[in-house]
Protein chains: 2
Amino acid sequence: MEHMAPDELRIDRPPQTLRVIALDRLRAAIIAGRFPGGTRLVERTLCDQLGVSRSVVREVIRVLETEGLVETLPNRGPVVARLDWAQARQVYEIRRQLEGNAAEACAQRADAPVDAALAEALASIRDGGEDRVFAATTRFYEVIFTAAGHHIAWEIVQRLNGRISRLRALTLAAQDRAVPGPERMARIAAAIAARDGAAARRAVEEHLTEAAMLAQRALEGE
Amino acid sequence: MEHMAPDELRIDRPPQTLRVIALDRLRAAIIAGRFPGGTRLVERTLCDQLGVSRSVVREVIRVLETEGLVETLPNRGPVVARLDWAQARQVYEIRRQLEGNAAEACAQRADAPVDAALAEALASIRDGGEDRVFAATTRFYEVIFTAAGHHIAWEIVQRLNGRISRLRALTLAAQDRAVPGPERMARIAAAIAARDGAAARRAVEEHLTEAAMLAQRALEGE
DNA sequence: GTCTGTCCGATGGTATACCAACATACCATC
DNA sequence: GATGGTATGTTGGTATACCATCGGACAGAC
């Protein structure tokens, strides 16, 4: 028996529970801007749109609420959270600290597989189109945080990214940057490959400082 | 009408929803160590213990799940999250960054009312007994983060503190510190009162470095 | 005795129905 | 036009039912 590949036989039933699917769908919809800030999330309407029962919708909304994407007003119900520059600024500042620190730690512990994973993500960012860039960018940072061993910081950054997701889409698509986005990423990867922690931190901080500027312009233009 | 104090007439019904009460109770119970790590949280049992219906319990568990205090195993149900040093170490590192940064910003923007609020919290820490210390310490940091304008960072720190709450109780109670806890807090407050950002950051970082050491000893002693 | 298959209870996941409290909009009355 | 009542929509909360899964108990076959 032991010379038989168990993976071949494995029946993989989707362990995905209905709630998880509904959560991902709704979160993605909010992040994609399908529900603008301030939109009321009426439970029964969502039941129809998602095709699930009210219990599922309610639990999903509780999760999004603690994630900060939704806030519930007393006697009014859940509403898609609005985003202003005061908040976004704080988010970028926190990301700057956590990502800078992770990049430095990553540079100190990185090995060949890490370099390869970063290069791969970078390639996807370069020639991938539209939303591929979004996923590849996320992957790029995931590699950095994981290699640094900063799993909890990565959780936090992901949650923060959910909040400013609309801005992120805008800044990633911006064409008028002083230095193109992929170029900045490449610098980060290069610093890590050179095992130069200080340079990696600097590269990340520069990247985020610029992203914050772009976000500010976009937000105040609204 | 307008010369009548509306506050006098106001009937303040507790806007607290049942779910919020249940959430606070259960979270407090976990933090207090009433449910040790690994304990199964059986829905129907919690219904009896809390006196609410299963829907409420489920939504509460979803919140605690995204807060990181509870994790749900597939086909097994929710379980109180365990805490190991690898995680706690990351938490203390993140707190060091966020709290250090907040203290520095606070020192640069503080005014007389902030100094007074910090002094008040400090007094409570000094002569308050047992769990008063816990609340007063929280208050102390809340003042710092709020004065710094770092509201989102404060949210994050609070959530992180939930995760390491047991450790926090231990380290706050530790008597064998090189420098007593209140003394360290006083140094932070003094640096802020002197508007010395760098010193405030340093004081916070020292405080947390020591707390992390105490936590490590406590955790590995288990 | 050990292995195998089956059954049952406990549990979580999902869905539905129902009621109460509250807020808003609308409408009739004066 | 202002007042008051009413209708409606929405959330909060509860109860209940059904299904899938898991683990253990039990009985039968080797």
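The structure displayed is predicted, hence computed values, not measured ones. Per chain, numbering begins at 1; letters A, B, ... match sequence-line order.
- For D/dG23, the base has no donor-acceptor partner in the side chain of B/Arg76 [N/O atoms by modelled type, under 3.5 angstrom].
- The nearest whole Å value for the distance from the CG atom in A/Leu23 to the C1' atom in C/dG13 is 15 Å.
- Between B/Arg163 and A/Glu155 there is a salt bridge, since at least one side-chain N of the basic residue sits less than 4.0 Å from a carboxylate O of the acidic one.
- The interatomic distance linking A/Leu73 (CG) with D/dG12 (C1') rounds to 15 Å, in whole Å.
- Evaluation of the side-chain contact (heavy atoms from CB on, under 4.5 Å) rule for B/Gln216 yields B/Trp85, B/Glu220 as partners, not counting sequence neighbours.
- Not counting sequence neighbours, the partners of B/Asn101 by the side-chain hydrogen bond (donor to acceptor under 3.5 Å, both in side chains) test are A/Glu93, B/Arg201.
- With sequence neighbours excluded, no residue satisfies salt bridge (charged side-chain N to carboxylate O under 4.0 Å, His left out) with A/Arg159.
- Each salt bridge (charged side-chain N to carboxylate O under 4.0 Å, His left out) pair with one or both residues in residues 67-80 of chain B, not counting sequence neighbours, appears once here: B/Arg27-B/Glu67.
- Residue A/Arg54 places its side chain closer to D/dG13 than to any other of C/dA15, D/dA17, D/dG13.
- Remark: B/Asp84 engages no residue in a salt bridge (charged side-chain N to carboxylate O under 4.0 Å, His left out) (not counting sequence neighbours).
- Contact annotation for B/Arg19: backbone-only contact, meaning every heavy-atom pair under 4.0 Å involves sugar-phosphate atoms and none involves a base.
- Shown here are the ring-ring contact (aromatic ring centres under 6.0 Å, His included) partners of A/Trp154, two or more places apart in sequence or in another chain: A/Phe145.
- When the P atom of C/dA15 is taken as reference, atom CG of A/Asp48 falls 13 Å away, rounded to whole Å.
- With sequence neighbours excluded, the residues forming a side-chain contact (heavy atoms from CB on, under 4.5 Å) with A/Gln49 are A/Phe35, A/Thr45, A/Leu46, listed by chain and number.
- Minimum atom distance to the side chain of B/Val52 is reached by D/dT14, of the listed D/dG12, C/dA15, D/dT14.
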Secondary-structure string, 5' to 3', Watson-Crick or G-U under 3.5 Å, | for another-strand partners, for DNA chain C: ||||||||||||||||||||||||||||||
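- Listed by first then second residue, pairs satisfying salt bridge (charged side-chain N to carboxylate O under 4.0 Å, His left out) with a partner in residues 48-63 of chain B read A/Arg58-B/Glu59, A/Glu59-B/Arg58, A/Glu59-B/Arg62, A/Arg62-B/Glu59, B/Arg19-B/Glu59, B/Glu43-B/Arg54, B/Glu43-B/Arg58, B/Arg62-B/Glu65, not counting sequence neighbours.
- In this model, the phosphate group of C/dG13 is not approached by any side-chain N or O of A/Ser55 to a distance below 4.0 Å at OP1 or OP2.
- Among residues two or more places apart in sequence or in another chain, the salt bridge (charged side-chain N to carboxylate O under 4.0 Å, His left out) test is passed with A/Glu120 by none.
- The main-chain N or O of B/Gly149 is found under 3.5 Å from a side-chain atom of A/Gln90 such that the two form a donor-acceptor pair.
- Applying a 4.0 Å cut-off to non-hydrogen atoms, none of the residues of residues 36-47 of chain B approaches DNA chain D.
- Remark: A/Arg58, A/Arg62 in residues 56-66 of chain A come within less than 4.0 Å of DNA chain D through at least one heavy atom.
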